[in-house]
Structure formats: structure tokens, C-alpha cells
Amino acid sequence: MNVYHEILEKVHAALEELQARGELPGNLDLSAVTVEPPRDPAYGHMSTNAALVLARAARTKPLELAEAIAARLRGLPDVAAVTVASPGFVNLTLADDVWRRQVEVVLREGADYGRCDLGRGLRVNVEYCSANPTGPLHVGHGRGTVFGDALANLLEFAGYRVTREYYINDGGGQIEALARSIYHRYLQLLGQTDEPLPKGLYPIEELVPVAEAIVERDGAKWVGKPESDWLDLFGRAGVQAMMARIREDLALLGVRHDVFTSERALIEAGRIDETIRHLDGLGLVYVGTLPPPKGKPVEDWEPTPQLLFRATLFGDDSDRPLKRSNGAWTYFAADVAYHLDKIRRGAQLLVDVWGADHGGYVKRMQAAVKALSEGRVELVVRLCQLVKLYSAGQPLRMSKRAGRTVWLRDVLEEVGRDVFRFMMLTRRNDAPLDFDLVEAVRQSKDNPVFYVQYAHARICSVFRHAAEAGMDTGRWAGVPLERLRDPAELELLRAMAQWPRVVEGAARQFEPHRIAFYLHDLAGAFHSLWTRGKEESGLRFLLAEDEATTRARLAMLAAVRIVLANGLRLLGVEPLEELH
RNA sequence: GCGCCCGUAGCUCAGUCGGAUAGAGCGUCGGCCUCCGGAGCCGAAGGUCAGAGGUUCGAGUCCUCUCGGGCGCGCCA
């Protein structure tokens with residue numbers, strides 16, 4: 001329960017009282033009534049739009065209704081002042097004690113401070129990363145992975161039951177390309193070819209050890225053999241090796257999925273046939289011919305009858321192919337089966353985190369989920385834009401064709417997990433992100449990671465000094481919080497009390513970046529107060545001659561530290577006690 | 001040609017299920033170090049929220065159109 005909810009309840013109570021007195025109709029919809037901090041602090045601490053949103057239905061003037069509401073809020077224990085402002089806002093200034101009490105709340109709830117029940121225990125499956133097992137994770141994967149992981153943490157904190165999931169795309173043509181890429185390395189190792197790697201294959205060096213292992217085990221056994229003899233074997237070896245590497249990369253990022261689901265396993269278990277039959281039973285599958293794309297002529301277009309899913313019945317722009325002309329299932333068909341699998345395993349809400357280049361795929365997958373769940377399960381898709389890498393302002397040239405990709409592992413070794421994770425969340429997921437490897441590790445206030453970490457470390461430093469002075473820094477019962485009087489202190493307390501609101505808003509919108517921005521603001525409020533202590537010694541946290549005030553301030557700092565740590569934990573960033 | 005995303009200060013970006021006088025960082029200019037970590041803080045300047053209509057008590061936010069940028073557009077994933 002946060003302060004804003006408490007005040008909202010009081011507004012509701014005031015409205016119900018007015019209804020009971022017959023001054024308001026009894027059947028009002030109160031869902032649009034909000035209590036939020038006004039942008040301009042001159043309007044007080046909280047503001048409600050109740051009169052504005054209800055006036056029409058109540059057939060009264062907003063200002064009159066606002067006055068009536070205000071009259072019932074005035075004089076309440078925690079309310080210091082209530083004013084009405086045109087066109088009908090009711091603005092409240094709360095007693096300082098309300099904010100001081102938040103310290104006790106935070107200290108009591110600790111790591112749970114900010115939790116809420118927005119999700120009401122709903123089972124949500126968050127699928128993220130899901131990089132093809134054809135190479136290590138690169139920086140772009142890193143962004144989506146961090147986003148998905150932070151989102152999963154956030155939803156869990158907001159009361160959802162979360163499953164973190166990785167879909168291994170090991171069933172399609174790209175695995176054959178992987179097998180051929182490894183085979184080429186294999187021939188090279190045995191001196192059987194000096195041809196360059198054919199186009200479309202993977203030029204990455206990480207495949208060499210895979211080929212070496214095969215040489216060691218089988219020698220030249222596969223030289224000159226037809227593809228059908230070795231393709232499957234080389235593909236499996238490649239997938240196994242690349243997934244092992246990807247799991248290492250995930251571990252470096254601090255990411256742990258609960259479930260890895262293999263596309264190939266779904267196919268081999270006949271799950272796609274089963275799923276398509278299921279769709280067919282619903283009358284959603286037919287054989288038809290799609291029109292060619294308009295405006296953009298496709299060479300060698302041949303109208304081909306295909307097995308199609310009636311995606312247009314569920315909001316997509318076109319029906320979508322389930323089978324290729326060679327008879328194999330499309331990627332989409334496998335993905336439909338996979339999403340049905342997630343639903344059957346109990347997911348009540350599906351979240352997919354994809355790269356922005358998959359944007360064209362969103363509607364058909366949502367259509368499929370709608371069809372499969374008969375409208376009961378929603379699929380939320382979040383797209384992550386590209387990461388542009390820089391080094392000291394110079395763009396880093398990456399050429400996938402030449403095999404010069406910047407691997408996530410290399411970046412993590414350079415800047416560290418915490419910096420990378422935080423920086424990936426300092427932008428909305430759907431906006432492109434510039435990431436400068438040199439700037440990212442600079443220790444200055446330009447660097448948001450450092451700025452937040454520094455606030456946490458400074459608080460820890462105060463506590464070290466307090467402990468040296470022999471103060472009790474662990475027990476807060478009976479702390480005289482009324483000693484927190486300075487406007488800057490109350491400002492910090494109010495910033496701290498925003499945390500539950502921020503969690504709720506971020507979770508509702510699936511936007512973990514809001515956590516990062518909030519932490520920056522909270523750190524700013526703290527740094528500001530700290531520096532004032534430099535200028536006015538009476539505002540220092542540790543006062544040798546005033547133990548009561550010191551204890552109050554330490555309690556406040558302990559609470560702020562908890563909120564900083566809770567926020568960083570959701571982002572998967574470790575709060576540091578010292579910086580070096 | 002169609003679909004999705006985006007357009008906010010010189011630059012990079014926030015902006016609460018629509019809320020009041022649109023914010024932050026960088027950069028620029030001007031201040032603050034006996035003393036808890038100055039790796040910080042305070043202040044100033046800087047805006048047609050791409051443009052035009054619409055919805056309403058109220059629009060950066062919702063709708064329509066235009067302009068500009070990104071991504072995608074049968075049998076790749």
C-alpha cells in the first residue's frame with residue numbers, strides 16, 4: 001500500500017459520502033479518478049482529477065464538485081492543506097509526518113518495498129533472447145536479453161508468476177547452413193580445400209573448435225561423403241556447441257532462463273502437425289494462393305497454392321503460409337506450435353521480446369495466439385531497436401559478412417555486466433541506442449550507472465563512518481523522525497516514496513527503463529542533499545553533538561539505500577558499497 | 001504501394017491509463033571544496049513538442065491527413 005493509494009481511498013470515501021447525501025448520483029464510474037503528484041510542486045504534493053472526470057456524469061460544475069470534495073478532505077489527520085484550482089483540480093499538501101513515516105515503511109519492508117499485486121498472480125511467460133544457435137550472442141542480442149530479463153524481474157515484483165523462457169531455433173534451414181559452415185572448416189583443417197567459404201554460410205571463428213572436435217573423433221571419415229551422410233551430425237554438433245557458448249554468455253550477463261524449448265524437439269514430437277490439425281478443426285486452415293506483394297515487383301513470382309492460416313480473421317493483413325512449397329513447415333508454423341505449447345503449460349499471458357526487424361511478424365503471431373487460445377490469452381510483443389556501438393565517439397564498424405561482429409562477451413569484458421545492463425535500459429526499448437564503450441566506464445555524473453552507484457556508495461560510506469564512531473546503525477525502533485525538517489530532506493523522502501508508483505507504472509506499461517530513470521532522479525535528490533551538508537554543516541548526516549538528529553538521518557539514508565538497491569536489483573545490477 | 005515503429009532544447013533523450021507554466025543530461029555561460037568521497041552540487045540561457053485539421057473542461061500524449069526517418073513485406077529465421 002503506497003501513499004498515493006491511501007489518498008485515493010480517501011478521495012473515494014469523500015465521493016461515497018457525497019453519494020450517500022444524495023449530492024452525487026450513485027452509479028458513477030470512478031475508474032478514471034486518479035491521485036498523482038502534480039508536475040508543479042506549487043500545487044502541493046498530490047492532485048486529484050476527480051471533479052473534472054465526474055462533473056459531466058454528475059451534472060454539476062467541476063469547480064463546485066471540487067469544492068465539495070475538498071471540504072471533505074480538509075481536516076483529515078494527514079492532510080495539511082487542500083486547495084481547489086481551476087478548472088477543477090483538488091490539490092493536497094500532506095503533513096510532513098506522512099513522508100517521514102515512509103522511512104519506517106521502507107525499513108520494515110526492506111527488499112519487498114515496492115512490491116504490488118498488479119499481476120494478481122497471473123502466470124506470464126516472458127520469452128527473450130531466443131538467439132539462433134548459429135553463433136555467440138552479439139551486442140544486439142544483449143539489449144533484448146537485458147530488456148527481457150529486467151522486464152521479467154519487474155513483472156515478478158509486480159505480482160505476476162513469471163516463467164523466463166528461451167526458444168531455440170534449431171529446426172530450420174539456418175542449421176543446415178551451420179552444418180555446412182562447420183564442414184567447410186573441417187575440410188580446411190584436413191587440408192582438403194582452399195576454397196573460400198561459400199556465400200550464406202557463417203564465417204565465424206567460433207566454429208573451428210567444433211570442426212576440430214570432429215576431426216579428433218572421426219578423422220577424415222566425412223571427406224568426400226555426400227551431404228546426407230554428415231549434415232545432421234554436423235548440425236547437431238554445431239547447435240550443441242553454440243548453445244553451450246550462448247549459455248556461457250547468458251551467465252556472464254547474469255541471466256538465467258527457467259525453460260529452454262527446442263524447435264527441433266517440437267517438430268520431432270509431431271507437435272506442429274498436431275497444432276495445425278487443431279487449427280484445422282477450428283476451420284482456420286485452407287489451401288490457397290497468396291497475391292504477390294503490391295508495389296514491389298518480385299522477380300520469378302509464381303503463384304503457388306500453399307497451406308494457409310486465416311490470420312485475417314484475427315486482425316492480420318494477410319493470411320499466412322504454414323507450409324513451404326517443398327513440403328516443410330514454415331518457421332511460422334513451428335512458432336504457432338510453440339506458442340500453443342506455452343499456453344498448454346499454463347501461461348495466461350505471453351510476452352515475446354524480439355528484435356525490431358521482426359516487427360512485420362507481430363500481427364500474425366498475435367492472430368495465432370488469439371485463435372489458439374480462443375481469445376483467452378493475450379500476446380504482448382516488445383521490439384528492441386538496434387544498438388550502435390561507439391568508442392570514444394567513433395562509430396565501431398561491424399561487418400557481419402566479413403565475420404567481424406562484436407560479441408557480447410567482449411563488450412562485457414570491457415565494461416562489465418552492471419554497466420552494460422544499466423546502459424541498455426537507459427532508453428526506451430523501441431528507440432535506437434548509442435553505446436559508447438569508452439564513455440560507459442567513465443566515472444562521472446555523465447554516466448548514469450556511475451551516478452546511481454555513487455549515491456549508493458556514498459550512503460555506505462556514511463554508515464562506515466557512523467560505525468567507526470560507535471553508533472548503532474542496525475536498529476531503528478523509536479527513531480525521532482520528526483528531526484527530519486529540512487526541505488531538502490523532505491524532498492528526498494518524497495522522491496523515495498515514489499518508488500511503488502514507479503514500479504506499478506513500469507510494470508503496467510512493460511517499460512523497465514522507467515526504473516533506470518527513476519533511480520537517476522532519486523540519486524540526484526540524494527547528491528543534492530549531500531552537497532548541502534558540505535555548505536551548511538548543520539545538514540551533515542553525522543552530527544557529533546546531536547545524536548537524535550543523526551539517528552533520524554541515518555534511518556532516512558538506510559531507507560534510501562534500500563530503495564536504490566531494490567531498483568538496481570530489478571535491473572539486475574549489483575549495488576556497490578565502494579567505487580574504485 | 002502496404003504494415004509497424006519513430007519525429008520533443010544546438011546534441012542525446014525522459015515525459016504518469018489525456019492534466020495545470022513541457023523536463024533531465026551533455027554542450028555553452030556564471031558560481032560552490034577547513035570538515036560524512038567535489039567522481040559532487042547550485043544557477044542562467046536555450047522550445048511553433050515535424051506540420052495541418054479533429055475529439056474535450058484540458059492534447060507532446062487519442063483520431064485523420066501531409067512531410068521526414070527506421071524496420072519489414074510468399075516457400076529466411
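First the proteins, then the strands, lettered A, B, ... as listed; each starts at 1.
Distance noted for atom P between B:rG27 and B:rG40: 11 Å (whole Å). The C1' atoms of B:rC29 and B:rG46 are separated by 12 Å, rounded to the nearest whole Å. For the P atom pair drawn from B:rG68 and B:rA22, the interatomic distance equals 30 Å after rounding to whole Å. Look at the P atom in both B:rU28 and B:rC67: the space between them is 39 Å, to the nearest Å. On the C1' atoms, B:rA45 is 46 Å away from B:rC2, given to the nearest whole Å. Atom name C1', nucleotides B:rA9 and B:rC62: the rounded distance is 26 Å, in whole Å. Using atom P as the reference point in both B:rG25 and B:rC17, the two lie 24 Å apart (nearest Å). Rounded to a whole angstrom, the distance from the C1' atom of B:rC65 to that of B:rG58 is 24 Å.
When ring centroids are compared, A:His527 and A:Tyr454 come within the 6.0 Å threshold. The aromatic ring centres of A:Phe420 and A:Phe435 sit less than 6.0 Å apart.
At the heavy-atom level, A:Thr289 lies nowhere under 4.0 Å from the strands shown. Looking at heavy-atom distances under 4.0 Å, A:His513 makes contact with sugar-phosphate atoms alone, never a base. If you check every strand for non-hydrogen atoms under 4.0 Å, A:Gln509 touches sugar and phosphate atoms only. Here A:Lys363 lies in heavy-atom contact (under 4.0 Å) with sugar-phosphate atoms only. The residue A:Gly533 sits close to a base: some heavy atom pair falls under 4.0 Å. Among the protein residues, A:Ser318 comes within range of no part of the nucleic acid, since none of its heavy atoms lies under 4.0 Å from any strand. Counting non-hydrogen atoms under 4.0 angstrom, A:Arg532 reaches nothing in the nucleic acid. No contact: A:Pro62 has no heavy atom under 4.0 Å from any strand. Counting non-hydrogen atoms under 4.0 angstrom, A:Val381 reaches nothing in the nucleic acid. At the heavy-atom level, A:Phe517 lies under 4.0 Å from the strands shown only through sugar-phosphate atoms.
Phosphate contact (OP1/OP2 of B:rC42, side-chain N/O of A:Ser528, threshold under 4.0 Å): present. Of the side-chain N and O atoms in A:Gln385, none sit less than 4.0 angstrom from OP1 or OP2 of B:rC71. Phosphate proximity of B:rU56 to A:Arg56: absent, as no side-chain N or O sits under 4.0 Å from OP1 or OP2. A sub-4.0 Å separation between OP1 or OP2 of B:rG38 and a side-chain N or O of A:Trp530 is present. Distances shorter than 4.0 Å separate none of the side-chain N or O atoms of A:Lys534 from OP1 or OP2 on B:rG40. Residue A:His465 has a polar side-chain atom (N or O) positioned under 4.0 Å from OP1 or OP2 of B:rG37.
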*Begin with the C-alpha distance, continue with both residues' side-chain angles, and end with the deciding distance and a verdict on side-chain contact (heavy atoms from CB on, under 4.5 Å) for A:Leu349 and A:Tyr160.*
CA-CA 10 Å; A:Leu349 172 66; A:Tyr160 289 88; 4.0 Å; yes
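For B:rG74, the base is stacked against the aromatic ring of A:Trp301, per a cut-off of 5.5 Å between centres and 30° between planes. Look at A:Tyr43 and the base of B:rA20; the rings stack, centres closer than 5.5 Å and planes less than 30° apart.
Contacts between residues 447-464 of chain A and RNA chain B, defined by a heavy-atom separation below 4.0 Å, involve A:Phe450, A:Tyr451, A:Tyr454, A:Arg458, A:Ser461, A:Val462, listed by number.
The number of heavy-atom neighbours closer than 6.0 Å to CD of A:Glu577, taken from other residues, nucleotides and ligands shown, is 12 or below.
Here the side chains of A:Ile204 and A:Thr134 are not in contact, with every heavy-atom distance at 4.5 Å or above. Taking the side chain as every heavy atom from C-beta outward, A:Thr304 and A:Thr289 never approach each other to under 4.5 Å.
One can find a donor-acceptor pair under 3.5 Å joining the base of B:rA20 and the side-chain atoms of A:Ser47. Side-chain atoms of A:Asn91 and base atoms of B:rA20 include a donor and an acceptor less than 3.5 Å apart.
For A:His45 and A:Asn91, the side-chain atoms include no donor-acceptor pair closer than 3.5 Å.
Geometric assessment of A:Arg561 against the ring of A:Phe463 yields a positive cation-pi assignment under the 6.0 Å and 45° thresholds. A cation-pi arrangement is present between A:Arg310 and A:Tyr286 under the rule of less than 6.0 angstrom and at most 45 degrees off the ring axis. Geometric assessment of A:Arg553 against the ring of A:Phe541 yields a negative cation-pi assignment under the 6.0 Å and 45° thresholds.
Between A:Tyr167 and A:Tyr338, the two ring planes are parallel [angle under 30°; tilted spans 30° to 60°].
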_Dot-bracket pairing map - RNA chain B, Watson-Crick plus G-U, both contacts under 3.5 Å, | cross-strand_ = (((((((..((((.....[...)))).(((((.......))))).....(((((..]....))))))))))))....
